[in-house]
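Here is the structure we will look at.
Residue numbering restarts at 1 for every chain, and letters A, B, ... go by the order of the sequence lines. Quick caveat, the model's predicted, so the values are computed rather than measured.
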Number of protein chains: 2
Amino acid sequence: MKADETRRKIVIAADHLFYEQGFENASFADIAQAVEISRGNFYYHFKTKDAVLAAVIEYRLDERKTMLRLWELEEDNPANRIKNFINILIANQTKIMAFGCPVGTLCSELAKLDHALKPEASGLFTLFAEWLEQQFAELGCGDQASDLAMHLLMRSQGVASLANTFQDAEFVRREVEAMYKWLDQQCPPKRPM
Amino acid sequence: MKADETRRKIVIAADHLFYEQGFENASFADIAQAVEISRGNFYYHFKTKDAVLAAVIEYRLDERKTMLRLWELEEDNPANRIKNFINILIANQTKIMAFGCPVGTLCSELAKLDHALKPEASGLFTLFAEWLEQQFAELGCGDQASDLAMHLLMRSQGVASLANTFQDAEFVRREVEAMYKWLDQQCPPKRPM
DNA sequence: GACTGCCTAGGTCATTCGTCCTAATAAATT
DNA sequence: AATTTATTAGGACGAATGACCTAGGCAGTC
């Protein structure tokens, strides 16, 4: 069906626009123009803007899940998997410096709008938090796994936020290095009695 | 002059509304209603919405500067001054969980809007960064002072962001505790972050 | 009491937005 | 070929927004 393809194009274009301009600031017209379809056609695929947002969140969730699954296949050392996560800050540095973290800024915007889909957007964070917790657990961090996961998520959010504000690539590099070092210090060494 | 008072009321109301609803989402009508003045009267005091934003940023800067100066007067131990900064997360916990960090969310929104006043808003971060750097310098951290200041700012941003997303007071408490511990480890003895 | 400058009230205007409708076209099925 | 279904086009609508204007009220001063 052609509709599926058009729908997918819309979601991807909306994904970019919501990230770069924010959800509220990106209009139907903007998205339609990006996909090169008419506003009427747009309405055929999505009845409301919230429906687009819901589809974008689902798309982002799918993308992240795929990425995490790939890391699990490619790398069986949980510490290295966690390093993959930290490395997002480097891999996406340019976009993060320009627009911040896609997940964090969306959650923050939806919180201010008191939007009904805020919990769905938070699900993106939950996905990462639970995945990181799993990795820390495999590392042998036991009941600390959850706290460590939240701590690392917190740092990546903080770095993204300040990277966006200060446009300082050196700062990002430094903090990523510090996260690596912090990671190495977690869990083992297991001290002898 | 009555105008000064009305203007001040407008700025304070706009400050709150920009924080709780976001800059774009807060309309002239919203602010005018909060101050209980007519939209026409509003226009007498501020010609454009950007002018309101500029005034709000200046107001926030003044407030923070006053707060930092007070901390310097009340507390001559730089470590305790830094603890005051960390404690903002506890003192403003309710608001932060509801609306995020006033500085961070504003900067992030203005970045997405590609707004002309983004540098002015970033000035709020710079104020804290330079003040923290000064405190770390007085602590004897030498040329690390700047990096440590940015690191602490980063952590407070990350905590505010996740606090807003997850509404988890226990997480905030835990991370504040971790920041205290981290602070105690800085300068001397020099330890990795 | 009239004048002048500061302040306020309420309304208008053009624009943009999300939403929705209808008619036309393309594709699929019979 | 005929009919039905899927997809697209373009415009219309009301609501909301930022911006702007003008008329009037209220000081204080001469």
Side-chain angles (χ1 to χ4, degrees), chain A residues 1-58 106 109-110 112-118 120-121, chain B residues 1-58 106 109-110 112-118 120-121:
Chain A
M1 278 200 239
K2 185 102 182 287
D4 282 354
E5 196 192 323
T6 305
R7 192 192 141 96
R8 186 178 163 79
K9 278 187 195 168
I10 292 175
V11 171
I12 292 177
D15 181 31
H16 288 141
L17 284 168
F18 288 174
Y19 178 35
E20 298 179 2
Q21 307 185 13
F23 168 67
E24 276 276 312
N25 205 242
S27 69
F28 268 31
D30 290 336
I31 305 171
Q33 189 180 12
V35 190
E36 288 180 317
I37 63 174
S38 65
R39 290 193 324 288
N41 187 6
F42 196 109
Y43 183 70
Y44 174 78
H45 296 281
F46 292 98
K47 300 294 177 196
T48 69
K49 200 180 179 186
D50 286 358
V52 183
L53 178 59
V56 166
I57 292 175
E58 201 183 343
L106 180 64
E109 182 178 0
L110 295 187
K112 301 231 180 205
L113 296 175
D114 202 20
H115 197 285
L117 291 177
K118 192 204 162 191
E120 276 73 12
Chain B
M1 278 198 239
K2 188 98 182 290
D4 282 354
E5 195 191 324
T6 305
R7 191 191 143 95
R8 187 177 163 80
K9 278 187 194 169
I10 292 174
V11 171
I12 292 177
D15 181 30
H16 288 142
L17 285 168
F18 288 174
Y19 177 35
E20 299 179 2
Q21 308 186 13
F23 168 67
E24 276 275 312
N25 205 242
S27 70
F28 269 27
D30 290 337
I31 305 172
Q33 190 180 14
V35 190
E36 289 180 315
I37 61 173
S38 65
R39 289 190 332 285
N41 187 6
F42 195 110
Y43 183 69
Y44 173 79
H45 295 279
F46 292 97
K47 298 297 177 193
T48 68
K49 201 180 177 186
D50 286 358
V52 184
L53 177 59
V56 166
I57 293 175
E58 201 183 341
L106 179 64
E109 181 177 1
L110 296 187
K112 301 233 177 203
L113 296 174
D114 202 20
H115 197 283
L117 290 177
K118 191 203 161 193
E120 275 72 13

- Message: For a quick check of understanding: with a heavy-atom distance under 4.0 Å over all strands, which category does Ala26(B) fall into, base, sugar-phosphate or nothing?
- Response: sugar-phosphate
Phe42(B) atom CZ is separated from dA9(C) atom C1', nearest whole Å, by 15 Å
In whole angstroms, the gap separating C1' of dT8(C) from CD of Glu36(B) amounts to 14 Å
Rounded to whole Å, the CD-C1' distance (Glu5(A) to dA6(D)) equals 15 Å
Rounded to whole Å, CZ of Arg7(B) lies from P of dC6(C) at a distance of 16 Å
- request: Give a yes/no answer on whether the side chain of His45(B) brings an N or O atom under 4.0 Å of OP1 or OP2 in dT8(C).
  value: yes
Under 4.0 Å between a side-chain N/O of Thr6(A) and OP1 or OP2 of dT7(D), yes or no?
no
Atom CD of Gln33(B) and atom P of dA9(C) are separated, to the nearest Å, by 14 Å
Could you go over nucleotides 19-27 of chain D and give all protein N or O partners under 3.5 Å, atom names and distances?
unit_1, atom_1, unit_2, atom_2, d
dA19(D), OP2, Lys49(B), N, 2.8

Residues at least two apart in sequence or cross-chain that pass salt bridge (charged side-chain N to carboxylate O under 4.0 Å, His left out) with Lys47(A), listed by chain then number, are none
So CG of Asp15(B) and CG of Leu53(B): to nearest 0.5 Å the spacing works out to 10.5 Å
Here the distance between atom C1' of dT7(D) and atom CD1 of Ile37(A), to the nearest Å, is 11 Å
- Query: Is the count of non-hydrogen atoms from other residues, nucleotides or ligands lying under 6.0 Å from Lys9(B) atom NZ greater than 12?
  - Reply: no
Closest of dT8(C), dT7(D), dG18(D) to the Ser27(B) side chain is dG18(D)
Here the residues of residues 8-24 of chain A within 4.0 Å heavy-atom distance, strictly under, of DNA chain C are none
Worksheet item: Can you find a side chain N or O atom of Tyr44(A) that sits less than 4.0 Å from OP1 or OP2 on dT8(D)?
Response: no
In this structure, CG of Asp50(B) is separated from NE2 of His115(B) (nearest 0.5 Å) by 3.5 Å
Under 3.5 Å, which donor-acceptor pairs do the side chains of residues 32-46 of chain A form with other protein atoms, sequence neighbours left out?
unit_1, atom_1, unit_2, atom_2, d
Ser38(A), OG, Asn41(A), N, 3.2
Asn41(A), OD1, His45(A), NE2, 3.3

Taken to the nearest whole Å, NE2/His115(A) to P/dG18(C) is 11 Å
Show the atom names and distances, to 0.1 Å, of all donor-acceptor pairs under 3.5 Å that link a side chain in residues 16-28 of chain A to residues at least two apart or in another chain.
unit_1, atom_1, unit_2, atom_2, d
His16(A), ND1, Ile12(A), O, 3.4
Tyr19(A), OH, Lys95(A), O, 3.2
Tyr19(A), OH, Gly100(A), O, 2.6
Glu20(A), OE2, Lys95(A), NZ, 3.0
Ser27(A), OG, Ala29(A), N, 3.4
Ser27(A), OG, Asp30(A), N, 3.1
Ser27(A), OG, Asp30(A), OD2, 3.2

All heavy atoms of Leu117(A) vs all of Ile57(A), minimum pair found to be O-CD1, 4.0 Å
